Amino acid sequence: MATELIFVFQQVANGLLLGVYYLLIALGLSIIFSLGGIVNLAHGAFYAIGAYLMVFLSERLGYGWAFVASPILVAMLGMIIERLFLKRFYRSDPVLSLLFTFALSMVIEQSLRMIFGASPLSFSIPEFAHGQVIVGDFFYPVYRVGMLVVAIAAVAGTWVLLNKTAFGKIVKAGINDPDMVRAMGISLAPVMTAVCGLGIGLAGLAGVLLAPITGVQPAMGQEILTAAFVVVVIGGLGSFWGVVVAAMLVGTIRGLTSYFYPPASEASLYLLMLLILVLRPRGLLGEKFERLE
């Protein structure tokens, strides 16, 4: 009985870890859509770019420098794409941005295939992160504990940026009343560029963190993007804490389902989304939003 309970705790821990990575991607999706009205179907592709950059740069710069540089480079790429392309869709039908980002995701995926090949790339956990954290009869890999700490720190930093800084106040005002923000003489264009950089950079960070666990291959962003959209829908658009709660809930349920009935692991996400939407169509903590004009 005690052994089985330990296994359950380990599955819950794995689920929470997965939920945190869903959260990194879902937060970026949520804030980009809330401020700019852009449904970014290329978000998963940026996650894949982060993983590939981690593999490529770690062979040349070492793990530490690659870990820092990869999400920053992904964020910079996201800002460039926002300035060149995405800004054109803020005043357009949302379907146009949907189609563009879908095409962009396909271009990125095929580019990764051409550059790195279609076969998965091997990327192992660094030597310093080998081993187990042992608490009584409970044990958990050191790497996963460390990556959980990094992911939580990134989410906490995002919360501080959006809630305790002048930049965050402008973002919130831009979501709630963009016309008033512009009337005060504040341009939302550079804010939107920074928001895209932040959101896409978080996706890149998730790719960096998960690269040694899930493997690195061109289509790796598709599955996690679907799960991230589920998290956004369950949590509610425009709600930071809604997305946080939804990610933890989705991760925990998926972890427990994987233990008790593995064939239903994937389906559990969609059943949960269906139930939440029936009971609360706007999601757990959904808020109203206005699209950037």
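What you see is a predicted model; the values in this text were computed from it and never measured.
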Examine distances only and state if a side-chain atom of Ser97 and a backbone atom of Leu86 form a donor-acceptor pair shorter than 3.5 Å. no
Under the salt bridge (Lys or Arg N to Asp or Glu O under 4.0 Å) test, residues paired with Arg83 that sit two or more places apart: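 Not a single residue meets the salt bridge (Lys or Arg N to Asp or Glu O under 4.0 Å) criterion with Arg83.
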Residues 53-76 vs salt bridge (charged side-chain N to carboxylate O under 4.0 Å, His left out), sequence neighbours excluded, gives none
Contact list for residues 109-126, test salt bridge (charged side-chain N to carboxylate O under 4.0 Å, His left out), sequence neighbours left out: Glu109-Arg113
Counting only heavy atoms not in [X], do more than 12 fall under 6.0 Å of its [atom1]?
X      : atom1 : value
Phe102 : CZ    : no
Phe67  : CZ    : yes
Tyr270 : OH    : yes

Run through the side-chain heavy atoms of Ile, Leu, Val, Met, Phe, Trp and Tyr, join any pair under 4.5 Å, and report what else lands in [X]'s cluster.
X      : value
Leu274 : Val278
Leu99  : Val95
Leu271 : none

Hydrophobic clustering (ILVMFWY, side-chain heavy atoms < 4.5 Å, transitive) - are Val74 and Ile115 grouped together? yes
For Leu96 and Phe100, run side-chain contact (heavy atoms from CB on, under 4.5 Å): C-alpha distance rounded to whole Å, both residues' side-chain angles, the deciding distance at 0.1 Å, then the answer. CA-CA 6 Å; Leu96 296 178; Phe100 173 80; over 6 Å; no
Does a side-chain heavy-atom distance below 4.5 Å link Leu41 with Phe229?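 Result yes, sub-4.5 Å side-chain heavy-atom pair found.
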Stepwise, does the side-chain contact (heavy atoms from CB on, under 4.5 Å) test hold for Tyr47 with Leu24? CA-CA 10 Å; Tyr47 159 82; Leu24 287 175; over 6 Å; no
Can you tell me how far the CD atom of Glu82 sits from the OG1 atom of Thr193, to the nearest 0.5 Å? 3.5 Å
Nearest non-hydrogen partners of Val20 and Ala151, listed with the distance: CG1-CB, 3.1 Å
